[in-house]
Protein chains: 2
Amino acid sequence: MATIRDVSRIAGVSVATVSRTLSKPDKVSEKTRQIVQEAIEKTNYKPDILARNFRTRKSSTVVVLVPDIANPFFSRVIRGIEQSAQKMGYAVLLGDTQGLRDREITYANMVKTSQADGIIQLDCHIPFEDKNDRSAPIVNACDCVRGTDMPTVQLDNIAAAEKMANHLISLGHKNIGVISGPENSTITNDRLRGLKKALENAGLEYSPSNRMYGDYSIHSGAMAAVELLEKENPPSAIFCMNDEMAIGAIRQTKKMGLNVPGDISISGFDDINFAEFCDPPLTTISQPAEEFGTNAMTMLFELMNGTEPENKNIYLPFELVIRNSTGRARNDP
Amino acid sequence: MATIRDVSRIAGVSVATVSRTLSKPDKVSEKTRQIVQEAIEKTNYKPDILARNFRTRKSSTVVVLVPDIANPFFSRVIRGIEQSAQKMGYAVLLGDTQGLRDREITYANMVKTSQADGIIQLDCHIPFEDKNDRSAPIVNACDCVRGTDMPTVQLDNIAAAEKMANHLISLGHKNIGVISGPENSTITNDRLRGLKKALENAGLEYSPSNRMYGDYSIHSGAMAAVELLEKENPPSAIFCMNDEMAIGAIRQTKKMGLNVPGDISISGFDDINFAEFCDPPLTTISQPAEEFGTNAMTMLFELMNGTEPENKNIYLPFELVIRNSTGRARNDP
DNA sequence: GATAAAAATGTAATCAATTACATTTTAATT
DNA sequence: AATTAAAATGTAATTGATTACATTTTTATC
């Protein structure tokens with residue numbers, strides 16, 4: 001592989017001139033530029049980015065911490081990140097963390113070791129050994145930690161859940177079950193708060209025994225549905241905190257001989273690609289997945305360049321998408 | 001950030017000794033090791049990987065070229081890659097190429113610029129300007145180019161498609177439609193060959209007019225299904241080359257008032273997570289997605305270390321998964 | 001304790017680019 | 001043509017680790 005020295009020798013100029021031709025061509029005379037360009041082509045020179053990064057102390061790389069890359073929502077977010085990053089000249093390092101703190105820290109440390117310039121964290125954890133560590137540019141998207149000064153890109157999950165709950169309530173549902181995400185997730189807590197708020201406003205009671213925990217997988221949704229449906233006084237509607245669990249719940253419900261939404265309404269969250277195509281099509285909250293990624297990357301870009309983003313907490317819009325998995329409560333007039 | 005010099009100063013040893021303590025501790029006496037470790041802790045020293053990579057001329061990074069990260073099959077493959085890479089001490093750079101040659105080349109060039117040590121290509125293109133370029137370690141997985149010496153990890157798509165076709169034929173289907181992938185994909189061509197082979201063996205005719213093209217999206221499957229079902233002599237079964245298109249086709253078929261599989265059987269390919277949960281559950285070919293990733297990464301690792309893998313073309317097993325989207329042909333006794 | 005061999009440690013070059021600063025060339029002005 | 005300012009180019013230091021080679025220390029053997 002040819003180096004900048006080879007090019008400079010062949011062009012008969014100094015390495016500085018070659019370097020400038022590449023990075024600040026306006027500082028080089030037209031004539032010299034031409035000569036250098038020719039030498040570059042002749043030698044098929046490609047600047048060694050590793051050397052450049054080393055010298056300039058930046059890697060032009062961001063690392064993305066994602067709990068599960070195979071989750072269809074996250075994979076869309078990542079697509080958004082990648083697209084923006086590419087435009088801004090950044091490469092994207094993938095850190096599939098499985099939600100494990102160890103792995104998060106390992107990947108986040110890449111900033112300290114100069115392997116990455118910034119971090120996008122899609123889970124609600126601070127990925128540093130020392131929670132007050134401010135040394136690395138970081139943006140928290142999707143599931144965001146509360147009460148830190150990390151910039152965030154998020155949904156107003158309380159409002160979104162409230163909207164969904166109101167939809168169920170308006171259909172006459174009074175006994176609503178919940179298939180929630182893991183206990184310590186901000187997203188989960190906010191969605192629960194939204195649900196409670198709607199119930200309260202409607203003069204209905206929230207019963208903690210109506211809440212089952214899942215891990216966002218289809219399987220866990222099915223398991224949780226069994227628990228809910230075998231209760232003495234089963235709910236007439238199930239509010240699921242993501243689409244996969246809703247899909248699992250629907251399938252389980254049908255398996256148990258019940259009709260959706262005839263006997264029981266089931267709602268999801270996220271509006272993944274398949275939500276529209278399950279049977280019945282899923283009523284859900286749609287979120288602009290890619291935009292979580294593009295916004296997070298844009299904000300991180302500012303952070304990495306030392307400019308403070310004017311809006312440190314971006315809220316993206318959501319939409320209630322009513323399909324056929326929800327309907328009037330059975331005994332509602 | 002502390003450097004190796006800071007550590008050496010505090011420990012009262014040379015930088016070489018610090019370096020050795022980290023990389024070849026058995027070359028350093030127990031006593032010195034201890035002193036150095038203390039200094040490392042006191043200074044909270046983390047070796048600058050960028051500097052190390054620069055000096056050693058390797059980045060410990062591989063770049064993955066994927067046509068679409070949001071595709072559920074690919075995202076599982078990538079999960080497999082990430083898991084293996086992590087174990088081997090490699091980071092994974094994400095190159096979402098949208099199947100565009102330009103982007104593939106840009107990302108593949110990262111090896112030339114020392115940003116990556118190797119490439120995993122999940123599409124059936126050679127990602128180099130010069131097709132005969134051998135300078136970068138590369139493994140081709142999933143959709144593989146024919147007639148190159150790139151190592152591959154693939155499915156015997158001919159056999160798999162044949163198996164699926166035989167299943168349809170055994171159900172009495174004689175007029176089988178195809179919703180295929182893009183024309184120039186090896187996967188698509190092989191699956192078509194398998195289908196033809198099965199038809200031939202059964203004494204049935206393959207009619208090119210029964211083949212519609214999709215782009216692996218749900219939507220394109222639905223569009224193609226319309227074309228097939230509105231034919232004068234519509235097929236009684238549709239062989240789809242992936243699950244998403246099958247899901248689109250099922251939905252469209254139902255929309256048109258037909259029953260699946262009562263009126264028409266529909267089969268998929270890949271066995272994505274949702275295949276089991278659509279309605280009716282999809283008959284499909286299951287593939288070990290993660291293993292494409294782990295195998296590719298293992299092979300690439302060998303390549304990057306200069307050892308020739310003993311088996312340069314790995315074939316992974318598949319399985320025909322019969323669910324309810326396929327059934328007996330209508331007029332079959 | 002002398003000698004040799006082995007182990008431990010140190011010195012300084014090296015990797016390929018960027019860039020501060022110095023020098024030379026060109027252009028502008030009188 | 002002399003002078004000055006601006007533009008272009010060159011020189012060499014710099015980045016932080018690794019490592020070949022040199023030197024010192026330790027251990028083993030007689």
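Reminder, nothing fancy here: chain letters follow the sequence lines and each chain counts from 1.
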Looking at the side chain of [X], which of [options] is the nearest nucleotide?
| X | options | value |
| --- | --- | --- |
| Thr32(A) | dT11(C), dA8(C), dT9(D) | dT9(D) |
| Ala16(B) | dA17(D), dT19(C), dT19(D) | dT19(D) |
| Arg57(B) | dT11(C), dA17(C), dA16(C) | dA16(C) |
| Arg52(B) | dA17(D), dT9(D), dT18(C) | dA17(D) |

**OP:** Assess the side chains of Tyr45(B) and Ser8(B): does a donor N or O sit below 3.5 Å from an acceptor N or O?
**Re:**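 Checked: Tyr45(B)/Ser8(B) side chains show no N/O donor-acceptor pair below 3.5 Å.
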Return the value, rounded to whole Å, for the distance between atom [atom1] of [X] and atom [atom2] of [N].
| X | N | atom1 | atom2 | answer |
| --- | --- | --- | --- | --- |
| Ile4(B) | dT19(D) | CD1 | P | 11 Å |
| Tyr45(A) | dT18(C) | OH | C1' | 10 Å |
| Asp6(A) | dC15(C) | CG | P | 12 Å |
| Glu30(B) | dA8(C) | CD | C1' | 14 Å |
| Leu50(B) | dC15(C) | CG | C1' | 12 Å |
| Lys112(B) | dA17(C) | NZ | P | 15 Å |
| Asn53(B) | dT18(D) | CG | P | 10 Å |
| Arg9(B) | dG16(D) | CZ | C1' | 13 Å |

Between [X] and [Y], is there a side-chain N and carboxylate O pair less than 4.0 Å apart?
| X | Y | value |
| --- | --- | --- |
| Asp26(B) | Arg20(B) | no |
| Arg57(B) | Asp48(A) | yes |
| Arg79(A) | Asp68(B) | yes |
| Asp149(B) | Arg134(B) | yes |

Give [X] one of three labels, base, sugar-phosphate or nothing, depending on what nucleic acid heavy atoms sit under 4.0 Å from its own.
| X | result |
| --- | --- |
| Asp26(B) | sugar-phosphate |
| Ser19(B) | base |
| Lys58(B) | nothing |
| Val15(A) | base |

Original post:
So, does the side chain of Arg55(B) form a donor-acceptor pair with the base of dT14(C) at under 3.5 Å?
Top reply: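 Per atom types, the contact qualifies.
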**OP:** Ignoring hydrogens and angles, answer whether the base of dG10(D) and the side-chain atoms of Arg20(A) contain a donor-acceptor pair closer than 3.5 Å.
**Re:**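 Yes.
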Original post:
Does Val28(A) or Arg5(A) map to a spot on DNA chain D nearer the 5' end, using the closest nucleotide for each?
Top reply: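 Its nearest nucleotide being more 5', the pick is Val28(A).
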**OP:** For Thr56(A) and for Leu22(B), find the nucleotide of DNA chain D with the closest heavy atom, then tell me which residue's nucleotide is more 5'.
**Re:**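 Checking each residue's closest nucleotide, the 5'-ward one belongs to Thr56(A).
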Original post:
Within 45° of the ring axis of Phe301(B) and under 6.0 Å from its six-membered ring centre, is that where the NZ or CZ of Lys87(B) lies?
Top reply: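 Cation-pi check for Lys87(B) and Phe301(B): fails.
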So, is [X] near the phosphate of [N], with a side-chain N or O under 4.0 Å from OP1 or OP2?
| X | N | answer |
| --- | --- | --- |
| Lys24(A) | dT19(C) | yes |
| Thr17(B) | dT9(C) | no |
| Ser29(A) | dA8(D) | no |

Original post:
Using the rule for Phe, Tyr, His and the six-membered ring of Trp, do Phe54(B) and dT15(D) stack at under 5.5 Å and under 30°?
Top reply: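 No; by the centre-distance and plane-angle rule, Phe54(B) does not count as stacking on dT15(D).
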